Structures are given as C-alpha cells and as structure tokens.
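Letters go in sequence order (proteins before strands), and every chain restarts at 1. Here the structure is a predicted model, which is why all the values come from computation and not from measurement.
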Amino acid sequence: MPELPEVEVAARNLRRWAVGRRVRAVEPGPSAAVVLRPAGPRALGALGGARVTGVERVGKNLLVSLARGRAGAPVGLWSHLGMTGKWLHRKRADPAPRFSRVRFVLDDGCALHYADMRLFGRLRVVPGARFGEVPDLAALGPDPLRDGVDARRLRARLAKLRVPIKVALLDQGLLAGVGNIQASEACHRARIDPRRPASSLAPVEVGRLARAIVASIRYTLARFEEEGVASDRADIAYVEEPRTPNPFLVYGRAGERCPRRDGGVIQRVVQAGRATFFCPKCQR
DNA sequence: ACCCGTGTTCGCTG
DNA sequence: TCAGCGAACACGGG
C-alpha cells in the first residue's frame, strides 16, 4: 500500500537490481491478465531481450525504461503498485513468491517478480522511455520530492476547492504522490485541521502546508532508510508491514497522545471513505 | 462473521 | 457541466 516514500524506495532498489541487465524472458503468472489489463500478457513480448536503461519515479508511478535491439529502440514498463503491489528480487531458481503475477528473468542469474495480492496495481508496456512521453501521466501534478511544492501555485489551486483540505491533498493532479498517510501527516505538521475546506486556508497556512508535505515525505523516507529497507541487502522494493514501531506522528495512532507539548488525544475520523488521523487540540 | 485496508476509477446525484 | 460522494475492484488480516 505504497505512497511516494515507499515507491521511491522501490525505484532505488529496482535501479540497483536491474539497470544494465538484459531481460531474458518475461513469464506471466496467475492473474497476470488482471495486472496487465487492458492490454493483456501479450504486451510483455515487447520486453523480451531488451536492456534496462533506467528507472524513473513520478508520484506513485514507476517507469522502467528499456532499449530493444541494436538501434536501442526505447520501450517503457509503467508500474503502479496500487494497494499491495511489490517488486521482489530473487534468484532465478527460487520458487515464485506468494502472489507473484509476472516474473522477469534477468541475465545475471536473478529474476524480478511483480507480486500483488489485491490486484489493484497495474503494469503497462508503453512506447518511449520517459515519463513525459506517457500521455496517461500528463495530468499528474508536481512531485514534492523531485520538484518541491510551490506554495503560491498550491494556494491558487486550493482556493477553488470546497472539499476538506485533507481530501484535496489526495488528488494526484494537485501533487503527485501524496496518499492517505502523508495527507494526515502533513496536516498535522502544518497544525491545520484536516476537515477545513481547502479554500478556507490563509496564505500563511498554505505556506506551512507546502513545507509540511515535503518535510513529512523526507522524514518518512529517512525512517525507511534507518530500517534498512533501501539497503543493499533488501530483497523487496517496498516496506514490509506491519511497521514496528509505527514511524508516523498521527497516522494509525487514534487514542494516543499527540507528540506536541500543547497537543491532545489523536482522533480518527472518516473523510470521503478514508481514515483521517489528527489532533483536535493543536490542529485548527 | 464482521470490519478494516498506504489506491484509483466509475457512475450517480444535486 | 461539474464537484462531490459512495461503490466497485479483490483479497487477506485482525
């Protein structure tokens, strides 16, 4: 169930495992057709024999770029992990991990598995090898880690929205990569009540929120690095659950005390069908 | 059995 | 026309 920090870890590990390697074979597993829809498993044929040239991430999306043949004609593999998608690194002879949907055999004796229990994730073969060349990704907003967050631009967008600020932050066209956890965490860092209409935020509050989004993502990534999930020894391009201890300040902490000196007890509410965690005392 | 789930998309409604 | 909402997708885990 990845957001930007988890997908960033996945991108780093995939680079380490795959860049420079040639894809010897691509093997659809159980329910591969669901992951690969609408194109279906036949689309994978375009990747056989190709060499991996890079891995890009924008928001929660990964683009593995490859080059085919002598001319090096570029082709991309666009991956979105959905709720339970994972990239796994295994020896070629190892048995397929649980929920493996597609196996990519590399030329170094290893294999990459795309595993996905709930099948909300997607793999798509796309022409070209850059994110800018994928039309379906054109509507994504700026990536907070790569591009930063422009407070003035954010303020102009939020001014038109009546939805609660926390719900607005989940829109990938506003900012790419903020998910349900980071939205709660950022509102807490900015001391903003997640239930307030997005348009009600004062400029100074949008400024705090812009900084909070970047800070929360960097903090989460740093915690993952401490856990070692992005280390050379990691064999999963993801962050295993459950995370112990919970690395977040408010998410998943209903009933616990807010970490702030002037905080109260963290509450859980539901907004647009999703859980929101916040401190009613320090978030106004 | 029942409720919950780090995501996205579609259809309905006002 | 569109913002906003709930359901759907699919399958465990507590």
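Contact check, A:H80 against B:dT8: a side-chain N or O comes under 4.0 Å of OP1 or OP2.
Per the geometry, CZ belonging to A:R101 stands 9 Å off C1' belonging to C:dC11, to the nearest Å. Atom pair A:F248:CZ and B:dT6:C1' shows a separation of 7 Å (rounding to whole Å applied). The nearest whole Å value for the distance from the NZ atom in A:K86 to the C1' atom in C:dG12 is 11 Å. If you measure from atom CG of A:D116 to atom C1' of C:dG12, you get 12 Å, rounded to the nearest angstrom. One atom, CZ of A:R118, and another, C1' of B:dC4, lie 9 Å apart when rounded to the nearest Å. Between A:L140 atom CG and B:dT8 atom C1' the separation is 12 Å, expressed in whole Å. When rounded to the nearest whole Å, the span between CZ of A:R122 and P of B:dT8 equals 12 Å. Put simply, CG on A:L169 is 14 Å from P on B:dT8, counting in whole angstrom units.
Among the nucleotides B:dT6, C:dC11, C:dC5, the one closest to any side-chain atom of A:N180 is B:dT6. Checking B:dG5, B:dG7, C:dG4 against every side-chain atom of A:R274, the shortest atom distance belongs to B:dG7. Checking B:dC4, C:dA10, B:dG7 against the side-chain heavy atoms of A:R268 singles out B:dC4 as nearest. Side-chain proximity of A:M117 to B:dT8, C:dC11, C:dA10: nearest is C:dC11. The side chain of A:K60 lies closest to B:dT8 when the candidates are C:dG12, B:dT8, B:dT6. Side-chain proximity of A:V163 to C:dG4, B:dT6, C:dA10: nearest is C:dG4.
A stacked arrangement is assigned to A:F120 and the six-membered base ring of B:dG7, with a centre-to-centre distance below 5.5 Å and an interplanar angle below 30°.
The same atom, P, is picked in C:dG6 and in B:dC4; the two are 14 Å apart, to the nearest Å. Distance check on atom P: B:dG11 versus C:dA10 gives 15 Å, rounded to whole Å. A distance of about 13 Å separates the P atoms of C:dA7 and B:dC3, rounded to the whole Å. The C1' atoms of B:dA1 and C:dC9 are separated by 22 Å, rounded to the nearest whole Å.
With both pairing distances under 3.5 Å, C:dG12 is matched to B:dC4 as a Watson-Crick or G-U wobble pair. Pair assignment for C:dA7: B:dT9, on the basis of Watson-Crick or G-U wobble contacts that are both within less than 3.5 Å.
Under a cut-off of 6.0 angstrom, the local environment of CZ in A:R260 is crowded, with over 12 non-hydrogen atoms contributed by other residues, nucleotides or ligands.
Contacts of A:R162 with the nucleic acid, taken as non-hydrogen atoms under 4.0 Å apart, involve only primed sugar atoms and P, OP1 or OP2. When heavy atoms are screened at a 4.0 angstrom cut-off, A:Q182 is found touching no nucleic acid atom at all. Within 4.0 Å (heavy atoms only), A:G179 reaches sugar-phosphate atoms of the nucleic acid but no base atom.
The cationic atom of A:R189 (NZ for Lys, CZ for Arg) lies less than 6.0 Å from the six-membered ring centre of A:Y219 and within 45° of the ring axis.
Considering CE of A:M117 and CZ of A:R98, their distance stands at 8.5 Å, rounded to 0.5 Å.
For the pair A:S199 (side chain) and A:L161 (backbone), a donor-acceptor distance under 3.5 Å is present.
Just one of A:K166, A:E3, A:Q271 meets the side-chain hydrogen bond (donor to acceptor under 3.5 Å, both in side chains) condition when paired with A:N180; it is A:K166.
For the residue pair A:T220 / A:E185, no side-chain donor-acceptor distance below 3.5 Å is found, with atom types taken as modelled.
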